[in-house]
Amino acid sequence: MMMKLYIALLAALLLLLSGCGNKPGPGEDDTLISGTITIAVDETFRPIMEEELQVFHALTPDATVHPVYCSEVEAMKLLLADSVRLAVTTRQLTQEETAYFNGKKFFPVSVKMATDGLALIVNKQNTDSLITVDRFKDILTGKVTDWKQLNPASRLGKLQLVFDNPNSSTVHYVLDSICGGKPLSKDLKAQKTNPEVISYVARNPAALGVIGVNWIGNPTDSTRLSFNDAIRIMAVSRADSATVGNSFKPYQAYLAMNQYPLTRNVYILLNDPKSGLPSGLTSFLTDFRGQRIILKSGLVPATAAVRIVDVKEE
């Protein structure tokens with residue numbers, strides 16, 4: 001009898017110890033609508049993600065999402081290192097990255113969230129307002145180095161090309177989609193963030209800045225037809241010669257109709273095998289409420305139904 005009692009007590013103790021050893025660690029006990037997680041976000045999309053998270057937190061008070069705003073390269077490193085289970089970037093996983101995850105028995109997915117655009121910004125003193133994609137490529141590769149090469153009447157002198165930072169999605173986009181892999185000009189100036197690029201261009205009449213459209217929308221302008229007061233936006237043309245009729249600024253309608261040449265997709269990269277809070281956030285970002293926030297931000301939602309409903313309401 002005593003032996004049976006001893007065995008029962010021992011079994012209960014082992015079960016208790018086993019349960020204690022399996023307690024979930026930080027970030028592992030989250031559900032679709034609760035818990036605490038960290039995500040990585042391309043700094044280009046900080047304005048829109050701050051709006052999205054503000055609403056998400058209001059709707060899910062038991063959930064806390066800590067965003068890390070960084071370059072796209074850093075965001076991918078965090079995802080690959082399993083430091084985060086969700087990243088917002090402008091590209092999908094490569095075959096090598098997918099194979100790496102699959103080798104660890106992870107099967108991440110890429111979900112389109114929005115369509116974004118790159119804006120070419122100049123100082124208010126710069127009267128040049130039109131540029132072709134080919135001329136922009138010449139600037140990127142160092143073939144064009146002076147504003148006189150674009151406009152013989154210009155007195156601005158040497159052109160100063162400014163990006164956010166060498167590891168940004170903006171730099172990767174122009175390298176791959178505009179330059180075809182050709183190296184960028186050695187005269188390229190790198191700041192750290194999109195706001196710093198805007199500030200630099202506002203102070204330097206000869207500067208040409210390249211930033212994400214999301215950073216220059218005016219929140220008080222419901223039509224999204226005005227941008228930051230400190231700079232001007234160039235219109236870009238796919239034609240051999242830029243004219244007012246064939247050149248477009250990165251307004252939302254032109255992004256949606258693919259008339260503006262410098263567009264790119266925004267993706268949610270999700271590696272969440274337990275379908276926890278990262279999956280819940282992804283559902284919010286891609287459902288009606290999350291997509292409507294994107295619509296109001298000046299970007300183009302991935303869900304066409306959101307655009308149709310909004311047009312009907314207006």
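Since the model is a prediction, treat every value here as computed from it, not as a measurement.
In the hydrophobic clustering of ILVMFWY residues, with side-chain heavy atoms under 4.5 Å counting as a link, V244 and F136 come out apart. Tracing side-chain contacts under 4.5 Å through hydrophobic residues (I, L, V, M, F, W, Y), one never reaches L277 starting from F106; they form parts of separate clusters. In the hydrophobic clustering of ILVMFWY residues, with side-chain heavy atoms under 4.5 Å counting as a link, V133 and L120 come out together. Under the 4.5 Å side-chain heavy-atom criterion for Ile, Leu, Val, Met, Phe, Trp and Tyr, V171 and L208 are members of the same hydrophobic cluster. The cluster map of Ile, Leu, Val, Met, Phe, Trp and Tyr, joined by side-chain heavy atoms under 4.5 Å apart, puts L281 and L59 in the same cluster.
Heavy atoms of other residues, nucleotides or ligands lying less than 6.0 angstrom from CD1 of I33 number 12 at most. Surrounding NZ of K189 are at most 12 heavy atoms belonging to other residues, nucleotides or ligands under 6.0 Å away. Other residues, nucleotides and ligands contribute at most 12 non-hydrogen atoms within 6.0 Å of the OH atom of Y254. Sparse packing is recorded around NZ of K158, with 12 or fewer heavy atoms of other residues, nucleotides or ligands lying under 6.0 Å away. Within a 6.0 Å sphere centred on CZ of R238, heavy atoms belonging to other residues, nucleotides or ligands number more than 12.
No hydrogens or angles considered: nothing links the side chains of T193 and D164 as a donor-acceptor pair under 3.5 Å. No side-chain donor from either of S279 and T282 sits under 3.5 Å from a side-chain acceptor of the other. The closest side-chain donor-acceptor pair between Y200 and Q160 falls under 3.5 angstrom. Side-chain contact annotation: Y267 with N265, donor-acceptor N/O pair under 3.5 Å present. D42 and T89 share no donor-acceptor pair across their side chains, judged by distance under 3.5 Å alone. N165 and S168 share no donor-acceptor pair across their side chains, judged by distance under 3.5 Å alone. Residues T90 and E72 bring a donor and an acceptor atom of their side chains to less than 3.5 Å of each other.
For the pair F284 and V55, the minimum side-chain heavy-atom distance is below 4.5 Å. Within the 4.5 Å cutoff, the side chain of L53 has heavy atoms near those of the P67 side chain. Under the 4.5 Å side-chain criterion, counting only non-hydrogen atoms from C-beta, L78 is in contact with V68. Side chains of T170 and L118 form a contact here, defined as non-hydrogen atoms less than 4.5 Å apart. The shortest distance between side-chain heavy atoms of K77 and L80 does not fall below 4.5 Å. Counting only heavy atoms from C-beta outward, the side chains of V213 and Y251 never approach each other to under 4.5 Å. No side-chain heavy atom of F45 sits less than 4.5 Å from a side-chain heavy atom of M113. Residues R232 and I121 form no side-chain contact, since every pair of their non-hydrogen atoms from C-beta on lies 4.5 Å or further apart.
If you look at Y260 and F248, their ring centroids are not closer than 6.0 Å.
Side-chain atoms of N123 come within 3.5 Å of backbone N or O of V201 as a donor-acceptor pair. A donor-acceptor pair under 3.5 Å is absent between the side-chain atoms of E52 and the main chain of L285, judged by distance alone. W215 contributes no side-chain N or O that, together with a main-chain N or O of P47, makes up a donor-acceptor pair within less than 3.5 Å. A donor-acceptor pair under 3.5 Å is formed between the side chain of H57 and the backbone N or O of V65. Looking only at distances, no side-chain donor or acceptor of D134 sits under 3.5 Å from a matching main-chain atom of D240. Remark: side-chain polar atoms of S237 are paired, donor with acceptor, to backbone N or O of N246 under 3.5 angstrom. Of the possible donor and acceptor atoms, none in the side chain of E196 sits under 3.5 Å from a partner among the backbone N and O of Q191. Under the 3.5 Å distance criterion, the side-chain polar atoms of E97 are matched with a main-chain donor or acceptor of T94. Not a single donor-acceptor pair under 3.5 Å links the side chain of K137 to the backbone N or O of C179. Using modelled atom types, one side-chain atom of Y173 and one backbone atom of T263 make a donor-acceptor pair closer than 3.5 Å.
Each of D30, N271, T38 was checked for a side chain to side chain donor-acceptor pair (under 3.5 Å) with R85, and the lone residue meeting it is D30.
Separation of atoms CD1 (I139) and CD1 (I178) is listed at 11.5 Å; rounding is to 0.5 Å. The structure places CD1 of I294 at 10.5 Å from CG of D116, a figure rounded to the nearest 0.5 Å. In this structure, CG in N151 is found 8.5 Å from CG in L156, a value given to the nearest 0.5 Å. Note that CG of L130 is 9.0 Å distant from OG of S241, once rounded to the nearest 0.5 Å. Rounding to the nearest 0.5 Å places CG of N102 at 11.0 Å from CD of Q95. Taking CG of L79 as the reference point, atom CD of E74 lies at 13.0 Å (rounded to 0.5 Å).
Scanning both residues, K249 and I233, for their nearest heavy atoms gives CE-O, 3.2 Å. Taking all atoms of both residues into account, the shortest heavy-atom contact from P278 to L86 is O-CD1, 3.4 Å. The two residues Q252 and V300 come nearest to each other via the heavy atoms O-CG2, 3.7 Å. Looking at every heavy atom in both residues, N167 comes nearest to H172 through O-CE1, 3.8 Å. What you find for Q291 and A302 is that their closest heavy atoms are OE1-N, 2.7 Å. G290 and D287 make their closest contact through N-OD1, 3.2 Å (heavy atoms, listed as atom of the first residue, atom of the second, distance).
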For T44 and N214: C-alpha separation, side-chain torsions, deciding distance, then whether side chain to side chain contact (heavy atoms under 4.5 Å, CB included) applies. CA-CA 7 Å; T44 304; N214 194 214; 5.7 Å; no
Derivation of the side chain to side chain contact (heavy atoms under 4.5 Å, CB included) call for Q149 and R135: CA-CA 10 Å; Q149 294 174 265; R135 293 306 268 170; 4.3 Å; yes
Checking side chain to side chain contact (heavy atoms under 4.5 Å, CB included) for the pair V109/D272: CA distance, chi angles, key distance, verdict? CA-CA 9 Å; V109 294; D272 188 28; over 6 Å; no
Kindly determine whether V122 and W147 satisfy side chain to side chain contact (heavy atoms under 4.5 Å, CB included), including the steps that lead there. CA-CA 12 Å; V122 294; W147 283 103; 4.0 Å; yes
